[in-house]
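A note on names: the letters A, B, ... follow the listed sequences, proteins ahead of strands, and every chain is numbered from 1.
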Number of protein chains: 2
Amino acid sequence: MDPQQQFLKKSEEAKDLFIPHLSTDPVVFGFDQSELKVLLLQMTYRKQWLLPGGYVKKDEDLDAAAERVLRERAGISDVYLEEFAVFGKKNRSEFYFEDFDESLWHKQRFISIGYYALYNPDNANLIIDEFSEKCEWIYLSQLSEIELAMDHREIIEKALLTLRERISYKPIGYNLLPEKFTLSELQKLYETILGKELNRGNFYRKIKNLGILRKLDEQRRGGAHKSPDLYSFDEENYKKALENGLNNW
Amino acid sequence: MDPQQQFLKKSEEAKDLFIPHLSTDPVVFGFDQSELKVLLLQMTYRKQWLLPGGYVKKDEDLDAAAERVLRERAGISDVYLEEFAVFGKKNRSEFYFEDFDESLWHKQRFISIGYYALYNPDNANLIIDEFSEKCEWIYLSQLSEIELAMDHREIIEKALLTLRERISYKPIGYNLLPEKFTLSELQKLYETILGKELNRGNFYRKIKNLGILRKLDEQRRGGAHKSPDLYSFDEENYKKALENGLNNW
DNA sequence: TCAAAAGTGTTCACTTTACACCCATGT
DNA sequence: ACATGGGTGTAAAGTGAACACTTTTGA
């Protein structure tokens with residue numbers, strides 16, 4: 001059975017299970033090599049890249065749907081997920097399934113709930129689902145070079161802007177960094193999300209004064225220079241600090 | 001025909017026109033007598049109050065749906081509307097139509113897109129639609145005394161929090177106040193949204209320095225005291241100032 | 001020995017906060 | 001007379017940005 005036929009068969013089965021006209025599109029961010037990247041899929045019959053989105057079951061919390069979709073389509077679980085915007089223009093998806101017959105229910109107009117997810121890519125054991133050919137992390141800096149389906153580029157950009165707005169109020173660092181990290185990794189993360197450079201000395205003092213870090217008795221080995229100290233978050237203080245906002249970055 | 005039967009008839013007609021499982025719930029804020037109020041409806045067969053929500057047509061932008069619903073259900077148009085959150089718990093509406101037969105499509109599970117709207121109540125010529133008995137402004141301070149349907153209390157609270165977050169970046173004052181207003185009315189509005197008192201002198205200077213106000217040659221008459229000066233917004237400067245954020249209130 | 005990392009000090013400019021005091025004016 | 005509004009002064013405290021210097025240490 002060729003991919004397109006297989007897709008059609010699956011499509012029929014799904015029709016009654018899901019809420020029509022509604023999907024959820026999670027933008028999964030990962031931080032790595034001091035750069036942000038996003039998880040994207042490529043379908044078997046199309047060269048455009050897609051967010052790992054999916055439909056919501058008729059009897060399923062919306063948040064649960066976003067979680068499930070990520071698990072099924074990318075093999076990712078235990079992820080920090082938050083809704084950030086709705087994409088509801090009536091013609092937003094009309095060209096994506098243009099090769100198919102009008103009767104295909106996917107051709108219906110869809111409203112999409114945008115979620116952003118924060119994930120430490122070290123933990124990822126990516127899978128490729130039955131509709132996809134690839135499931136890969138794409139660096140933000142490379143996004144301009146690839147083709148994205150529908151309004152998915154807009155969704156990613158809006159997710160990034162939301163991240164920037166919420167950096168002082170949501171556990172963004174906590175969810176993107178590994179358990180143990182160095183101060184310059186943390187600083188780099190802030191710099192990427194905010195899109196500007198920060199002064200090292202001032203950053204050091206600010207973070208220190210917030211009291212949200214615990215310095216560990218270990219160093220990261222490897223470079224031709226002094227081994228940087230490793231830190232982890234002090235979860236309790238971190239949560240408390242977030243309530244009032246970490247800072248005015 | 002009794003109200004309930006009438007409702008059922010309308011319901012049947014609507015079934016094919018709208019996207020199932022999806023609704024939009026606008027929280028319309030008005031400012032008046034130095035207090036915030038919210039527009040609510042009461043249905044004919046229920047004592048609980050409701051947001052003036054409605055369904056989205058199959059071929060209609062989401063934003064347009066919110067606008068239309070407000071027009072149809074409350075007679076309000078030309079309103080500043082913005083999406084702020086999604087309410088998607090699977091059981092959020094399950095008790096509202098409990099008196100009806102299982103076959104009623106409204107009993108289906110609904111996901112609701114929350115919009116907030118800002119409106120100067122002076123302009124309002126409220127109407128009452130065919131499903132409602134009342135359409136009224138309710139002061140926030142009185143909300144605790146009335147019964148609200150489903151999760152609509154939660155939606156209102158979340159809308160208010162969003163307003164607070166966005167007060168420096170969105171034209172909130174502009175849309176809530178009448179054309180001409182006094183400085184203390186403006187200050188009172190800020191105080192209500194922020195939920196805290198502000199120092200008059202400092203407020204005066206801050207607002208003045210932003211250059212977003214135009215002082216008019218008129219005063220508001222009436223009190224047993226000096227007549228306060230009237231102001232209006234300088235639209236151009238206001239917009240410019242919003243881009244960088246008005247302030248850190 | 002060199003490069004990156006850790007840690008600290010200091011200065012300047014600016015903002016925020018809190019309070020206080022003045023005068024104006026409509027009823 | 002008096003309550004409210006308009007307008008300004010000011011001192012204390014805090015914040016942010018910039019920069020520079022020191023010490024540490026792994027390869």
Exercise for the section: Would you kindly give the CD-to-P distance between A:Q219 and D:dT25, to the nearest whole Å? Expected result: 9 Å
Exercise for the section: Could you tell me whether the side chains of B:Y139 and B:D32 share a donor-acceptor contact shorter than 3.5 Å? Expected result: yes
Handout entry: OP1 or OP2 of D:dG6 under 4.0 Å from side-chain N/O of B:Y204
Key = no
Practice task
Please name all residues satisfying salt bridge (charged side-chain N to carboxylate O under 4.0 Å, His left out) with A:K240, sequence neighbours left out, ordered by chain then number.
Solution key: none
Problem - Contacting residues from residues 178-194 of chain A, given that a heavy atom lies under 4.0 angstrom of DNA chain D - result: none
Exercise for the section: Could you tell me whether a side-chain N or O of A:E235 sits under 3.5 Å from a main-chain N or O of A:N237, the two making a donor and an acceptor? Expected result: no
Handout entry: salt bridge (Lys or Arg N to Asp or Glu O under 4.0 Å) evaluation trace for B:K89 with A:D61
Key = CA-CA 5 Å; B:K89 288 246 177 8; A:D61 282 356; 5.4 Å; no
Practice task
Would you kindly give the CZ-to-C1' distance between B:R221 and C:dT25, to the nearest whole Å?
Solution key: 10 Å
Practice task
Please step through salt bridge (Lys or Arg N to Asp or Glu O under 4.0 Å) for the pair A:E243 and A:K239, ending with a clear verdict.
Solution key: CA-CA 7 Å; A:E243 282 167 30; A:K239 268 187 207 165; over 6 Å; no
Problem - Polar side chain donor-acceptor pair, B:S141 to B:E35, under 3.5 angstrom - result: yes
Practice task
Round to the nearest Å and state the distance from B:K196 atom NZ to C:dA18 atom C1'.
Solution key: 14 Å
Problem - Residues in salt bridge (charged side-chain N to carboxylate O under 4.0 Å, His left out) contact with B:D151, at least two apart in sequence or another chain - result: B:R92
Exercise for the section: Compute whether any side-chain donor of one residue and acceptor of the other, for B:Y80 and B:E82, lie under 3.5 angstrom apart. Expected result: yes
Practice task
Specify the separation, in whole Å, of atom OH of A:Y231 and atom C1' of C:dG7.
Solution key: 9 Å
Exercise for the section: Ignoring backbone atoms, test whether B:K215 places a side-chain nitrogen or oxygen under 4.0 Å from the OP1 or OP2 oxygen of D:dG7. Expected result: yes
Practice task
Scan residues 185-202 of chain A for pairs that pass salt bridge (Lys or Arg N to Asp or Glu O under 4.0 Å), counting only residues two or more places apart or in two chains.
Solution key: A:E185-A:R220
Exercise for the section: Provide, to the nearest angstrom, the distance between the NZ atom belonging to B:K226 and the P atom belonging to D:dG7. Expected result: 7 Å
Practice task
Give me the one residue out of B:W137, B:Y116, B:Y119 that meets side chain to side chain contact (heavy atoms under 4.5 Å, CB included) with B:F29.
Solution key: B:Y116
Exercise for the section: Find the bend of the helix from C:dT1-D:dA27 to C:dT27-D:dA1 as the angle between its two terminal axes (five pairs each), to the nearest 10°. Expected result: 20°
Handout entry: Atom-to-atom span, CD1 of A:I207 to P of C:dT8 - whole angstrom
Key = 16 Å
Polar atom pairs between nucleotides 18-20 of chain D and protein, under 3.5 Å, N or O only, would you list them?
unit_1: D:dA18; atom_1: N7; unit_2: A:N202; atom_2: ND2; d: 3.1
unit_1: D:dA18; atom_1: N6; unit_2: A:N202; atom_2: OD1; d: 3.2

Problem - Whole-Å gap separating P (C:dC19) and CD (B:E197) - result: 12 Å
Practice task
Round to the nearest Å and state the distance from A:K206 atom NZ to C:dG9 atom C1'.
Solution key: 18 Å
Exercise for the section: Compare all side-chain heavy atoms of B:V86 with those of A:Y115 and state whether any distance is below 4.5 angstrom. Expected result: no
